[in-house]
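Have a look at the structure below before the remarks.
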Amino acid sequence: MTDQTFMITTPIYYVNGDPHIGHAYTSIAADVIARFRRLDGADVFFLTGTDEHGQKVEQAAEAAGLSPKAFADEVSARFRAMADRLGISYDRFIRTTDPDHYAAVAALWSRLEAAGAIYLGAYEGWYAVRDEAFYGEDELRTDASGRRIAPSGAPVEWVREPSWFFRLSDWQDRLLALYEERPDFLGPSRSRNEITSFVRSGLKDLSISRTSFAWGIPVPGDPSHVVYVWLDALVNYISALGFPDENNPLWRFWPADIHLVGKEIARFHAVYWPAFLMAAGIEVPRRIYSHGWWTNEGEKMSKSLGNAIDINALTDEFGVDAVRFFLLREVPFGNDGDFSRASLISRLNTELANDLGNLAQRTLSQIARNCDGRLPARGEATEDDSLLLASADALPALVRAALDRLALQEALEEVWKVIRASNAYIDRQAPWVLKKTDIERMGAVLRVLVSVLRRVATVLQPYMPASMARLLDQLGVPPDARRIADLGSPLLTGTPLPAPQGIFPRHVAADAAS
RNA sequence: GGCGGCGUAGCUCAGCGGUAGAGCAGGGGAAUCAUAAUCCCUUGGUCGGCGGUUCAAAUCCGUCCGCCGCUACCA
């Protein structure tokens with residue numbers, strides 16, 4: 001694993017609205033993978049940031065009485081604050097208003113132009129001023145007076161404006177070949193099916209410039225146009241690596257290993273982005289993986305319902321690690337999920353407090369009381385010991401394999417199997433009985449549990465960095481020996497352990513389900 | 001309309017050709033080191049309906065029913 005480069009990205013988040021749990025979810029998932037790869041010895045670049053151009057931002061800024069840039073500064077800072085608060089270990093927080101990004105977009109545009117991949121044409125269609133949207137002929141209805149109206153009921157008119165186009169239609173076959181030859185390129189399979197069928201149904205050239213508003217990156221050589229926000233946004237993944245300077249040391253991270261995205265933007269990443277890259281002669285990313293959406297207590301979250309989950313309030317109440325854990329534990333990654341207080345509290349109490357927290361506490365408190373607070377010596381392993389130790393030793397490989405498949409929930413399930421087995425083991429071995437009959441064996445049993453807990457805590461660090469750091473402290477694992485590779489070296493017998501303290505308090509509240 | 005997915009224990013889901021599984025919830029018991037936490041045992045399903053292929057089908061095929069997603073230029 002050592003010396004391997006690994007790049008993972010979140011989408012850059014659009015700043016026309018405040019951050020919400022969907023953004024948090026993508027970032028946390030990407031963070032877990034980034035942290036695990038670092039733990040596993042890889043050279044990691046983790047990119048996140050904000051997407052700041054476009055008509056929506058221009059309008060939102062105007063409504064707020066600010067310049068687009070000032071508005072974007074403000075909202076971008078909120079996204080960054082959320083990332084920091086959630087412990088997102090990004091290597092760069094990129095903004096599409098950063099100067100190097102402007103340069104990269106201009107450079108990519110010029111490459112596409114030089115390659116003959118773009119041309120100046122005209123975009124025309126039925127436009128509803130009220131909706132600020134174009135509609136297809138087949139979406140329109142005719143009202144009583146014979147006028148064409150949009151599905152929303154807004155009147156439409158035929159408009160025609162000059163626009164630069166990308167020859168997307170040239171890339172249909174090569175995109176399909178890409179999906180075919182590289183089954184891992186697009187995931188999960190639902191997303192892969194949808195995108196494939198979309199591309200198979202035929203691609204039209206893509207309008208990649210706008211003249212109807214000004215907040216964007218000017219088109220090189222044609223400054224009355226700004227670059228279409230998606231082209232602008234997608235380029236962030238390479239502008240962060242120094243593009244177009246392929247001698248930039250960061251360029252070694254390209255192609256990205258994983259673009260993690262929400263399912264609503266899978267198409268932009270799986271169709272437009274590789275087409276742009278291929279047209280510009282740049283390698284395509286290795287994998288694009290889209291995850292699902294959260295509902296809140298069974299209801300879709302929306303502005304009108306006003307039921308968005310306040311991630312700050314949530315982490316204030318339950319703690320950052322508990323929220324990180326819940327989001328990745330509750331739902332198979334890729335599926336939609338439902339957020340509810342009852343299930344959050346149930347997970348925290350059952351799995352964090354009872355299963356893991358209590359296991360650590362009962363183990364460590366017996367060491368504190370009966371072993372003079374020092375790490376007891378290993379004994380000759382019984383069959384029971386060996387089985388449990390072997391299951392813990394297998395964890396790094398199991399977690400690595402699960403994360404390679406983006407099975408973030410499965411990885412946790414594997415860890416919890418070991419935690420449950422450990423609780424069964426401690427009951428079977430009953431060190432509190434051995435204390436009176438065989439004090440040496442008691443120490444050996446507790447030492448087995450420390451070894452297991454060390455492995456558990458090590459692989460859980462990516463999910464719950466702060467809590468697992470505390471647990472590793474209590475287990476006497478030196479801060480510089482917490483990587484996967486360090487698990488090969490046993491802890492020093494006799495190491496004094498700090499007084500045990502609960503890692504995960506039970507959540508007791510009036511609305512607690514149990 | 002076209003393409004695709006899902007429907008398995010009360011709940012969330014795994015299994016995807018060889019005598020129905022996990023977690024949670026429910027019931028009974030044990031233990032008392034521990035955050036009243038833990039452990040053991042256990043109730044519970046004609047695997048959406050019907051038909052077919054097969055020695056054998058949640059598992060393959062067909063069909064029907066019920067949900068859901070995608071079907072491009074706001075992001």
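Order of the sequence lines fixes the chain letters, A, B, ..., with proteins taken first and strands second; residue numbering starts at 1 for each chain.
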Can you identify which nucleotide, out of [options], has its nearest atom closest to the [X] side chain?
X         : options                : result
Ser346(A) : A72(B), C24(B), U35(B) : C24(B)
Arg506(A) : A75(B), U71(B), U35(B) : U35(B)
Asp355(A) : U38(B), A75(B), C73(B) : U38(B)
Phe198(A) : U38(B), U35(B), A72(B) : A72(B)
Asn423(A) : C24(B), U38(B), C74(B) : U38(B)
Ala424(A) : C40(B), A75(B), C73(B) : C40(B)

Atom-to-atom span, [atom1] of [X] to [atom2] of [N] - whole angstrom:
X         : N      : atom1 : atom2 : result
Ile265(A) : C70(B) : CD1   : P     : 14 Å
Trp164(A) : C73(B) : CH2   : P     : 23 Å
Gln409(A) : C13(B) : CD    : P     : 10 Å
Phe165(A) : A72(B) : CZ    : C1'   : 13 Å
Phe326(A) : U12(B) : CZ    : C1'   : 11 Å
Glu124(A) : C73(B) : CD    : P     : 16 Å
Gln55(A)  : C73(B) : CD    : C1'   : 13 Å
Gln501(A) : A34(B) : CD    : P     : 16 Å

For RNA chain B, produce a single dot-bracket line, 5' to 3'. Pairs: Watson-Crick or G-U wobble, both distances under 3.5 Å. Symbols: ( ) within strand, [ ] crossing, | other strand, . unpaired. ((((((((.[[[[.)..(..]]]].(((((.......))))).....[[[[[..)....]]]]])))))))....
Distance-only donor-acceptor test, Asn358(A) side-chain atoms vs A34(B) base atoms, 3.5 Å: yes
Apply side chain to side chain contact (heavy atoms under 4.5 Å, CB included) to [X] and list each qualifying residue two or more places apart in sequence or on a separate chain.
X         : answer
His291(A) : Tyr25(A), Thr26(A), Phe333(A)
Asp336(A) : Lys263(A), Trp293(A)
Ala60(A)  : Phe71(A)

Close N or O pairs between protein and nucleotides 30-33 of chain B (under 3.5 Å):
from, atom 1, to, atom 2, distance (Å)
C33(B), O2, Arg362(A), NE, 3.3
C33(B), O2, Gln366(A), NE2, 3.0
C33(B), N3, Arg362(A), NE, 3.3
C33(B), N3, Arg362(A), NH2, 2.6
C33(B), N4, Arg362(A), NH2, 2.9

Strictly under 6.0 Å, is that where the ring centroids of Phe325(A) and Trp416(A) end up?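 Distance test on ring centres: under 6.0 Å, yes.
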Hey, do the aromatic rings of Phe326(A) and Phe339(A) have their centres closer than 6.0 Å?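 Yes, close enough.
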Side chain to side chain donor-acceptor pair (under 3.5 Å) between His225(A) and Thr211(A), worked out: CA-CA 5 Å; His225(A) 293 243; Thr211(A) 53; 5.6 Å; no
Just checking [X]: base, sugar-phosphate only, or nothing, at a heavy-atom cut-off of under 4.0 Å?
X         : result
Leu168(A) : base
Asp51(A)  : sugar-phosphate
Ile503(A) : base
Gly202(A) : base
Gly54(A)  : nothing
Leu364(A) : nothing
Asn16(A)  : nothing
Trp416(A) : nothing

Each nucleotide N or O in nucleotides 2-8 of chain B that has a protein N or O under 3.5 Å away: list the pair and distance.
from, atom 1, to, atom 2, distance (Å)
G4(B), O2', Asn193(A), ND2, 3.2

Examine G23(B): is either OP1 or OP2 under 4.0 Å from a nitrogen or oxygen in the side chain of Arg347(A)? Give yes or no.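 For G23(B), neither OP1 nor OP2 has a side-chain N or O of Arg347(A) closer than 4.0 Å.
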For C74(B), does either OP1 or OP2 sit under 4.0 Å from a side-chain N or O belonging to Tyr228(A)? no
If you draw a 6.0 Å radius around CD in Glu297(A), do more than 12 non-hydrogen atoms from other residues or ligands fall strictly inside? yes
Are Glu351(A) and Leu412(A) close enough that some pair of their side-chain heavy atoms sits under 4.5 Å apart?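 Side-chain contact under 4.5 Å: no.
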With rounding to the closest Å, how many angstrom separate the [atom1] atoms on [N] and [M]?
N      : M      : atom1 : value
G44(B) : G23(B) : C1'   : 15 Å
G5(B)  : G52(B) : P     : 25 Å
U43(B) : A9(B)  : C1'   : 10 Å
U19(B) : C24(B) : C1'   : 27 Å
G15(B) : G62(B) : C1'   : 24 Å

Could you check A58(B) for me: syn (within 90° of 0) or anti? syn
Can you give me the closest heavy-atom contact between [X] and [Y], atom names plus distance?
X         : Y         : result
Arg506(A) : Ala353(A) : CG-CB, 3.7 Å
Val331(A) : Gln409(A) : O-CB, 3.6 Å
Ile195(A) : Ala266(A) : CD1-C, 4.0 Å

Using heavy-atom distances to pick each residue's nearest nucleotide on RNA chain B, tell me which of Phe213(A) and Asp336(A) is more 5'. Asp336(A)
Sorted by position of nearest nucleotide on RNA chain B, 5' first, the leading residue of Val229(A) and Trp293(A) is Trp293(A)
Does the salt bridge (Lys or Arg N to Asp or Glu O under 4.0 Å) test come out yes or no for Asp385(A) and Arg378(A), once each step is laid out? CA-CA 11 Å; Asp385(A) 297 353; Arg378(A) 293 193 285 179; over 6 Å; no
Quick one: sort the Phe268(A) and Tyr272(A) rings into parallel, tilted or perpendicular, breaks at 30° and 60°. perpendicular
Phe185(A) and Tyr179(A) aromatic ring geometry - parallel, tilted or perpendicular at 30°/60° bounds: parallel
Hey, which of Asp51(A), Asp18(A), Thr48(A), Val75(A) is the one that makes side-chain contact (heavy atoms from CB on, under 4.5 Å) with Tyr13(A)?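 Only match with Tyr13(A) under side-chain contact (heavy atoms from CB on, under 4.5 Å): Thr48(A).
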